[in-house]
Amino acid sequence: MLKKGLYGIYKGVEFRITVDMDNNLKIMTDKKEKTDSTFEDTYQSGVYTKIVKPNELVDCVSVTPFGIIKGEKVQILQEKENKYQVATGALLVGSNLNLPRIDRDSWLGWVSKGEVTLFEEITPINPEDL
């Protein structure tokens, strides 16, 4: 599964981090076994959330996936079955990879996972800054 976004450790367990419209810092998961009675499934969607304080989180990071295809670096936007959706803003990269041009400076397409060497750029973040 593609890992993308903000993550942090809460009580020894890694969770995805988000900020709601009221600027509450929330942790979230779709794995019920990682939750306790303090988590809510507000929309009955199978996604459990809990409001936390920044000082309750440790080892917070921002994860940005990218891939190398035929020596070219591309953004990885999402995955579906055996494919990744990739994008670039570089004419030569888009042309070399035969990606469809979707805008003046944007090329976007789906490629087989087997064609992509996946990497993650991991940047430490301070939850107090969110």
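Predicted model, so just to flag it, every value in this text is computed and none were measured. One is the number of the first residue; the rest follow in order along the sequence.
Looking only at atom types and distance, the side chain of K26 has no donor-acceptor partner in the side chain of T18 under 3.5 Å away. For Y48 and K31, the side-chain atoms include no donor-acceptor pair closer than 3.5 Å.
Two residues are said to be in side-chain contact when any heavy atoms from C-beta on lie closer than 4.5 Å; V74 and V111 fail this criterion. L108 has its side chain out of reach of V86: every pair of non-hydrogen atoms, C-beta onward, lies at least 4.5 Å apart. Taking 4.5 Å as the limit, every side-chain heavy atom of T29 sits out of range of all side-chain heavy atoms of V47. Between Q85 and K80 there is no side-chain heavy-atom pair separated by less than 4.5 Å. Considering only heavy atoms from C-beta on, V93 stays 4.5 Å or farther from W107 through its side chain.
Between the side chain of N126 and the backbone N or O of E128 there is at least one donor-acceptor pair closer than 3.5 Å. In this structure, S106 contributes its side chain and I102 its backbone to no donor-acceptor pair below 3.5 Å. For the pair D20 (side chain) and D22 (backbone), a donor-acceptor distance under 3.5 Å is present. A donor-acceptor pair under 3.5 Å links the side-chain atoms of T35 to the main chain of K32, judged by distance alone.
One hydrophobic cluster holds both L91 and L99 under the rule that ILVMFWY side chains link at heavy-atom gaps under 4.5 Å. Transitive grouping of hydrophobic side chains (ILVMFWY, heavy atoms separated by less than 4.5 Å) keeps L77 and V116 in distinct clusters. Clustering ILVMFWY residues whenever any of their side-chain heavy atoms sit less than 4.5 angstrom apart, transitively, puts F39 in a cluster other than the one holding I51. One hydrophobic cluster, built from ILVMFWY side chains closer than 4.5 Å, holds both I125 and V19.
Here the OG1 atom belonging to T49 is positioned 10.0 Å from the CG atom belonging to N24, to the nearest 0.5 angstrom. Going from atom CH2 of W110 over to atom CD of Q78 covers 4.0 Å, rounded to the nearest 0.5 Å. Atom CG of D41 is separated from atom CE of M28 by 10.5 Å, given to the nearest 0.5 angstrom. Atom NZ in K4 sits 9.0 Å away from atom CD1 in I76 (nearest 0.5 Å).
Each of L25, L130, T123, I27 was checked for a side-chain contact (heavy atoms from CB on, under 4.5 Å) with L6, and the lone residue meeting it is L130.
With a 6.0 Å radius and a threshold of 12 heavy atoms from other residues, nucleotides or ligands, K50 has its NZ atom above the threshold. Within a 6.0 Å radius of NZ in K3, other residues, nucleotides and ligands contribute more than 12 heavy atoms. Within a 6.0 Å radius of CG in D36, other residues, nucleotides and ligands contribute more than 12 heavy atoms.
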**Message:** side chain to side chain contact (heavy atoms under 4.5 Å, CB included), that's the test. Do L97 and K70 meet it? Break it down for me.
**Reply:** CA-CA 8 Å; L97 299 178; K70 299 178 184 173; 4.1 Å; yes
Check: residues 55-69 side-chain donor-acceptor pairs under 3.5 Å, at least two apart:
residue : atom : partner : partner atom : Å
E56     : OE1  : K53     : N            : 2.6

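Heavy atoms only, all atoms of each residue included: P124 and I122 are closest at CD-O, 4.0 Å. Of all the heavy atoms in G109 and P100, the pair that sits closest is CA-CD, 4.1 Å. In plain terms, the two heavy atoms of K113 and Y84 that are nearest each other are CG-CE1, 3.5 Å.
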